Amino acid sequence: MLRLYDTATRRVAEVVPAGGGVLRLYVCGPTVYGPPHLGHGRFTLVYDVLRRYLEWSGIRVRHVSNVTDIDDKIITRANDEGRPWQDITEESEALWWAAMDRMGVAMPNEAPHATRYVPQMVELIGELVSRGAAYDVEDGVYLSVAEVPGYGLLAQQSLDSLRSGARVDVVAAKRSPMDFVLWKKAKPGEPSWPSPWGPGRPGWHTECVVMSLALLGEGFELHGGGSDLKFPHHENERAQAVALGRAFAAHWMHNGMVEVGGEKMSKSIGNVTDLATTLDSVDPRAYRLLVLQSHYRAPIEVSTAQLSAASQGLDRLDSLARRMDEAAAATSEAVESEPASDLRAAFSERMDDDLDAPRAMALVFDAVRSANAMLAGSDVAGGLALGRQALSCASATGLLTASGRAVSERAALLAQQRDRARDARDWTTADRLRDELQAIGYRVEDTPAGTRIYR
RNA sequence: GGCGGCGUGGCCGAGUGGUUUAGGCAAGGGCCUGCAAAGCCCUGUACAGCGGUUCGAUUCCGCUCGCCGCCUCCA
């Protein structure tokens, strides 16, 4: 059973699906006002790995991740560019899903949009107001944090110490600097929805409580997001649920940040690298492997050097897969033998231990080496069986081996010619043909069955 | 100022109170090969510094130094 570090209790604890059924997972998604960056890539990979691993383990997962399609930044950009705000969100969301697709990140089961849940948000805010936890002032409706028992749980700080360090602009109307906005009243020309407090739009923190509870129900198993979301975003989501007396997430998971030169990658610092640009420059699986080779809670440095090291590692997986295909083809009988050692069990043990993917992957790479040795030696059946386990474990993290792009007719012809030259021991011609193949982008390896080319 | 985290061999990055090692990349040597490539084998004697606890610490405790995150929008 999966055990994960819980930000709220600061302990590693089992994540158990209620009633042994489906594990409900809510992950805070993007605000769609621009193209995704490497940090978005990391968090989506982390939760994709989690989800795929669970499913591979036979646990059903209901994965919900929101799209924030109304927000100050969206409005700002729309105004700057003189475009309708829906243009910005539609365009940005399309970029988002395209990038997810390229990374092999599975679509959430539901991807609710904030703008579709405004009535439910208005209703929730109304309840908070009627309970006396929220108050209506000139520019919006605010939640009174002092009314919430245990505020500061995720921040690991008391309300007092949070208040003393508060850097928020003091809004005169707010009763406490820590109070946060649930409903923003619209200024002229801003997009708005009707409400008992006048036209306006929901605050960010309200959207996630409403959609997670609406789609997953109370007491859902796991709520995740980037570690920068712990406070105030997740704290404030939770605060609303607490103020309503509703059970919220049972377990909180947060992933570490992507860093550049030891510094967090963030839009406010301006050191962002566009995700699509990176995916253009390397095999997208290399980013996944890079993410897998560090612990999800630790920060990771993403650089071209790191990515290329990861793609070298990926080659080991791909080349094992190729070797296995050939070995299986050469062995007429279907080899069904299961190896004595159960790699999958050991792999699961490590993944279950707070998603220790680095150690789990170390096990996979160990198995790759052994399988290669067996296939090269006399134990082809054993090598195939172990190799299959290794590739299965890799696939549990979403790391599929590449089937390779199709070989062109011309390349196939050159390879044939090279085989003939080699049969004739005409090394000059053989070498020339190899150079030609490499020049058109193929990798060339000699095998007992002849020239193997791939790209 | 408050809270939290980190400092591991050439690079990245796990982990552990003691014997036998993470893993990936890179490097060197070897096997294989017509030559390569791929693959396999071997090699590196790392745990910021200073104290303490201990029979024994990289691993526990304290301090020092350095770095980072959150406390404002942020994945």
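Numbered from 1 within each chain, the chains take letters A, B, ... in sequence-line order. Treat the numbers as computed from the prediction; the structure is a model and nothing was measured.
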Full working for side-chain contact (heavy atoms from CB on, under 4.5 Å) between A:Tyr442 and A:Tyr454: CA-CA 5 Å; A:Tyr442 285 86; A:Tyr454 60 94; 5.7 Å; no
side-chain hydrogen bond (donor to acceptor under 3.5 Å, both in side chains) evaluation trace for A:Trp56 with A:Ser392: CA-CA 9 Å; A:Trp56 180 83; A:Ser392 168; 3.2 Å; yes
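With sequence neighbours left out, A:Thr115 forms a side chain to side chain contact (heavy atoms under 4.5 Å, CB included) with A:Asp69, A:Ile70, A:Trp85, A:His113, A:Trp193. Residues passing the salt bridge (charged side-chain N to carboxylate O under 4.0 Å, His left out) test with A:Asp356 are A:Arg359, sequence neighbours excluded. A search for salt bridge (charged side-chain N to carboxylate O under 4.0 Å, His left out) contacts involving A:Glu301 returns nothing, not counting sequence neighbours. Contacts of A:His233 classified as ring pair (Phe, Tyr, Trp, His ring centres under 6.0 Å), with partners at least two apart in sequence or in another chain: A:Trp204, A:His205.
Going from the C1' atom of B:rG29 to that of B:rC47 covers 27 Å, rounded to whole Å. Comparing the P positions of B:rC25 and B:rC60 gives a spacing of 30 Å, expressed to the nearest Å. Between B:rU54 and B:rG13, the two P atoms lie 36 Å apart (nearest whole Å). B:rG66 sits 33 Å from B:rG28 when the C1' atoms are compared, rounded to a whole Å.
Side-chain N/O atoms of A:Asp431 and A:Thr429 include no donor and acceptor closer than 3.5 Å.
Contact annotation for A:Asp366: backbone-only contact, meaning every heavy-atom pair under 4.0 Å involves sugar-phosphate atoms and none involves a base. As judged by a 4.0 angstrom heavy-atom cut-off over every strand, A:Ala309 is placed among residues touching the sugar-phosphate backbone only. At a threshold of 4.0 angstrom between heavy atoms, the contacts of A:Gln156 are confined to the sugar-phosphate backbone, with no base atom among them. Within the 4.0 angstrom heavy-atom criterion, no nucleotide atom of any strand lies near A:Gly152. A:Lys264 comes within 4.0 angstrom of a base, heavy atoms only. Residue-level contact check: A:Val258 touches the bases, meaning some heavy atom is under 4.0 Å from a base atom. When heavy atoms are screened at a 4.0 angstrom cut-off, A:Gly262 is found touching the sugar-phosphate backbone but no base atom. Note on A:Pro232: only backbone sugar-phosphate atoms sit closer than 4.0 angstrom, heavy atoms only; bases stay farther off. Among the atoms of the strands shown, none is found under 4.0 Å from any heavy atom of A:Arg443. A:Gln157 comes within 4.0 angstrom of a base, heavy atoms only.
Near RNA chain B, defined here as any heavy-atom distance below 4.0 Å, there are no residues from residues 88-104 of chain A. Listed by residue number, A:Arg418 are the residues of residues 413-421 of chain A with a heavy-atom contact under 4.0 Å to RNA chain B. Residues of residues 422-435 of chain A that place a heavy atom closer than 4.0 Å to RNA chain B, in numerical order, are A:Arg422, A:Trp427, A:Asp431, A:Arg434.
A:Leu292 pairs with exactly one of A:Val49, A:Leu355, A:Leu45 by the side-chain contact (heavy atoms from CB on, under 4.5 Å) rule, that one being A:Val49.
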Please tabulate, for the side chains in residues 360-372 of chain A, all donor-acceptor contacts under 3.5 angstrom to protein atoms that are two or more places apart in sequence or on a different chain.
{"unit_1": "A:Ser370", "atom_1": "OG", "unit_2": "A:Asp366", "atom_2": "O", "d": "3.3"}
{"unit_1": "A:Asn372", "atom_1": "OD1", "unit_2": "A:Arg323", "atom_2": "NH1", "d": "2.6"}
{"unit_1": "A:Asn372", "atom_1": "ND2", "unit_2": "A:Val368", "atom_2": "O", "d": "3.3"}

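A close approach under 4.0 Å does not occur between any side-chain nitrogen or oxygen of A:Arg163 and OP1 or OP2 of B:rG1. At B:rA75, one or more side-chain N or O atoms of A:Lys267 fall inside 4.0 Å of OP1 or OP2 (strictly under the cut-off). A close approach under 4.0 Å does not occur between any side-chain nitrogen or oxygen of A:Ser161 and OP1 or OP2 of B:rG1.
Between A:Arg201 and A:Asp71, none of the side-chain N atoms (NZ, or NE/NH1/NH2) sits under 4.0 Å from a carboxylate O, so this pair counts as no salt bridge. With respect to A:Arg443 and A:Asp318, no salt bridge is recorded, no charged nitrogen being found less than 4.0 Å from a carboxylate O. Salt bridge absent: A:Lys230 and A:Glu235 never bring a charged side-chain N and a carboxylate O closer than 4.0 Å.
Taking all atoms of both residues into account, the shortest heavy-atom contact from A:His234 to A:Cys28 is NE2-SG, 3.2 Å. The shortest non-hydrogen separation linking A:Thr206 to A:Leu182 is OG1-CD2, 3.4 Å. Of all heavy-atom pairs spanning A:Ala310 and A:Ala286, the tightest one is CB-O, 3.4 Å.
Atom CD of A:Glu81 sits in a crowded spot, with more than 12 heavy atoms from other residues, nucleotides or ligands closer than 6.0 Å.
Side-chain proximity of A:Thr31 to the nucleotides B:rG24, B:rC25, B:rA75 is greatest for B:rA75. Taking the side chain of A:Asp446 as heavy atoms from C-beta on, and the options B:rG34, B:rA22, B:rC25, the nearest nucleotide is B:rG34. When each of B:rA75, B:rA26, B:rC70 is scored by its nearest atom to the side-chain atoms of A:Leu229, the top-ranked nucleotide is B:rA75. Nearest nucleotide to the side chain of A:Ser319, out of B:rA38, B:rA26, B:rC70: B:rA38.
Between the NZ atom of A:Lys230 and the C1' atom of B:rC71 there is a distance of 12 Å, given to the nearest Å. A straight line from CG of A:Asp48 to P of B:rA75 spans 18 Å, rounded to a whole angstrom.
For the ring pair (Phe, Tyr, Trp, His ring centres under 6.0 Å) condition, no pair includes a residue of residues 147-166 of chain A, sequence neighbours left out.
Taking the ring centroids of A:His223 and A:His251, they lie at or beyond the 6.0 Å cut-off. Between A:Trp252 and A:Tyr5, a ring centre-to-centre spacing not shorter than 6.0 Å is recorded.
Side chain of A:Gln240 to main chain of A:Asn236: a donor-acceptor pair is present (N/O by atom type, distance under 3.5 Å, no hydrogens or angles).
In terms of position along RNA chain B, the nucleotide closest to A:Ala310 lies nearer the 5' end than the nucleotide closest to the other residue of the pair A:Ala310 and A:Thr447. Where A:Leu162 and A:His37 each meet RNA chain B at their nearest nucleotide, the meeting point lying more 5' is that of A:Leu162.
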Distances for protein N/O vs nucleotides 40-44 of chain B N/O pairs under 3.5 angstrom?
{"unit_1": "B:rC40", "atom_1": "OP1", "unit_2": "A:Arg316", "atom_2": "NH2", "d": "3.1"}
{"unit_1": "B:rC40", "atom_1": "OP1", "unit_2": "A:Asn372", "atom_2": "ND2", "d": "3.4"}
{"unit_1": "B:rC40", "atom_1": "OP2", "unit_2": "A:Arg316", "atom_2": "NH1", "d": "3.3"}
{"unit_1": "B:rC41", "atom_1": "OP2", "unit_2": "A:Arg369", "atom_2": "NE", "d": "3.4"}

Below 3.5 Å is the cut-off: list the nitrogen or oxygen pairs between protein and nucleotides 7-14 of chain B, distance only.
{"unit_1": "B:rC12", "atom_1": "O3'", "unit_2": "A:Gln306", "atom_2": "NE2", "d": "3.2"}
{"unit_1": "B:rC12", "atom_1": "O2'", "unit_2": "A:Gln306", "atom_2": "OE1", "d": "2.8"}
{"unit_1": "B:rC12", "atom_1": "O2'", "unit_2": "A:Gln306", "atom_2": "NE2", "d": "3.0"}
{"unit_1": "B:rG13", "atom_1": "O2'", "unit_2": "A:Gln293", "atom_2": "O", "d": "3.2"}
{"unit_1": "B:rA14", "atom_1": "OP1", "unit_2": "A:His295", "atom_2": "N", "d": "3.0"}

Watson-Crick or G-U pairs under 3.5 Å in RNA chain B, rendered as dot-bracket with [ ] for crossing pairs and | for another strand: (((((((..(((.....[....))).(((((.......)))))....(((((..]....))))))))))))....
